[in-house]
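Whatever order the structure lists them in is the order used to number ligands and atoms, beginning at 1. Position 1 is the first residue of the sequence; numbering continues from there.
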Amino acid sequence: MPANLYDSRELTAYRGHIISPVQEQELKDIRDGVLIVDDRGIIVFCGAWSEFEKNKNSLKHIHNYGDKVIMPGLIDMHLHLPQVTVTGKSGEHLMKWLERFVFPSEARCADPQYALRIANWFFDEMVRNGTTLGVVFSTIHKEATDVAFEVASRKGCRAIMGKVLMNANAPDFLTEDLASSLSGSEELCQKWHGHDNGRLLYAYTPRFAVTSTSELLTEVGKLWRAKPGTYMHTHLSESLEEVEFVKELFPKSPTYVDVYHDHGLLGHNSIMAHAIHLSDSDLDILKETDSSLAHCPSSNFFLKSGVFGYRRVESKGVRFGIGSDVAAGPQMSLFCVMKDANYMQPDQWLYPTELLYRATLGGAKALALEDKIGSLDEGKEADFVVVDPTHRTGIIDDILSKPTDEILSALVFLGDDRVVESTFVRGKEIFNYESAKELSQSRR
Ligand SMILES: [Zn+2]
């Protein structure tokens, strides 16, 4: 502990039970731990309170959460902002579900007033669920996407987001001409990528191969490659019907993965959501190109899309995190998504420690942001959540005094939005359960 560091900045302490991933099966686990955060929102110490106590005069504020859990903020690798209005609409597989529920709801974002209302709702939901970074699909509308970035900026959220590109096989009201689709993306990237020292980042976001011409895929790939640090974010191989359609549309590419590879869309910072129906050689291409995956188990369950090859992908060494895929995933809570990840595997267990890793540090690695976020370590930005598994869920009262593996198991298998007490991004509290409750009562 360099003593001079503590003299030079305003420091805040957060005491509690610190649980943070080190790797897949390994945790940092400190009861009566403390997280010391400076006024830039950087973690300057994370360890036992007893170790820090002698420096306590250097603290400006101390928040004591007792035996409640302090863990890294959750990272949602894939979700759709405009779809918060259509969660829970079931009864169709992917292609019909898009046509019947999703496309009409996305069309409404042509109205900027509506887009503003939805963006406010979406980011409030995100932080209420303890998600400190969302990798977000907007709609094809440039203005609505701009509004969404403004809302995220104002609320202090962290997001990787982009305007959707679609120029084929979609209703007229969601089909754009190629030139304006590309220029709209480019202008938004120019305006928002890197905003607030990298809190907001841009992702080029072609919806998927089905709604893209070959030319669109080629051109958006060029834009992405020309701007290092930006992301490519799309869907890959979610449903069998979709895979068949892609084969018809792109006969020159042998597989769905090849379609993106042939158009230059795979690589470092390329995020492919779902990635279910893939061969070993498809996975080899994803690994060789250093592409990342967003595993969305709740969505796969909900739309009956298929089973992600969790252990197979892991053994290939392809980087991946988990995503809620709202609205195909009915809930934004990544605790529910962690549980579903385990339930979706028919013949093997996924353990709470590794699921927490996927929802935090694993996601950060898949996004190449692990030097900034994903775990509670000195030098990283202080994105964290305070959770209380007994909070309003009916989990046994004395769970916080139990061994850590029992606490984590309770969180993963019984937890949801209700366990989140506070959400912090870069040391700034952007959600607090008590204040949110007061606000909603005063609005009634
Ligand atoms: Zn999706």
Side-chain angles (χ1 to χ4, degrees), residues 75-90 92-107 109 118 122 125-126 129 131 133-140 144-145 148 159-166 169-170 174 203-212 220 231-243 245-246 256 260 265 270-278 291-308 320-334 336-337 340-341 344 363 366-367:
I75 296 176
D76 193 328
M77 289 269 300
H78 178 75
L79 74 171
H80 297 256
L81 184 150
Q83 294 180 19
V84 280
T85 57
V86 291
T87 46
K89 306 262 188 192
S90 73
E92 304 282 7
H93 286 89
L94 174 68
M95 303 301 276
K96 282 234 171 63
W97 178 80
L98 287 173
E99 197 183 301
R100 191 170 151 200
F101 301 120
V102 170
F103 290 159
S105 79
E106 292 195 4
C109 290
I118 294 302
F122 174 86
E125 275 300 292
M126 211 174 91
N129 279 284
T131 299
L133 167 59
V135 186
V136 180
F137 262 61
S138 172
T139 59
I140 63 161
T145 311
I160 298 173
M161 188 157 54
K163 180 194 112 53
V164 173
L165 298 103
M166 293 165 81
N169 300 310
L174 282 185
Y204 288 95
T205 312
R207 178 168 221 120
F208 60 159
V210 170
T211 49
S212 311
V220 73
Y231 292 83
M232 173 58 58
H233 184 197
T234 188
H235 297 93
L236 165 69
S237 220
E238 178 177 358
S239 83
L240 287 172
E241 189 190 2
E242 167 208 6
V243 172
F245 197 14
V246 169
Y256 200 158
Y260 290 144
L265 303 195
S270 172
I271 305 151
M272 300 280 138
H274 301 297
I276 297 174
H277 309 283
L278 300 179
S291 307
S292 297
L293 307 180
H295 170 36
C296 306
S298 311
S299 160
N300 305 158
F301 209 11
F302 189 76
L303 294 181
K304 302 189 188 296
S305 302
V307 177
F308 177 78
F320 71 102
I322 60 172
S324 67
D325 193 23
V326 157
Q331 278 163 305
M332 218 187 263
S333 170
L334 287 178
C336 298
V337 177
D340 289 343
M344 273 300 276
L367 296 164

Donor-acceptor pair between H78 and H235 side chains, under 3.5 angstrom: yes
N-O pairing of E92 and K304 below 4.0 Å: no
Of the N, O or S atoms in H80, the one nearest the Zn ion (ligand 1): NE2
From H274, H295, H277, residue fulfilling ring-ring contact (aromatic ring centres under 6.0 Å, His included) relative to F308: H295
Residue pair V136, H80: steps toward the side chain to side chain contact (heavy atoms under 4.5 Å, CB included) verdict: CA-CA 6 Å; V136 180; H80 297 256; over 6 Å; no
Identity of the N, O or S atom of D325 lying closest to the Zn ion (ligand 1): OD1
H235 backbone or side-chain N/O/S under 2.8 Å from the Zn ion (ligand 1): yes
Under 2.8 Å: N/O/S of H274 next to the Zn ion (ligand 1): no
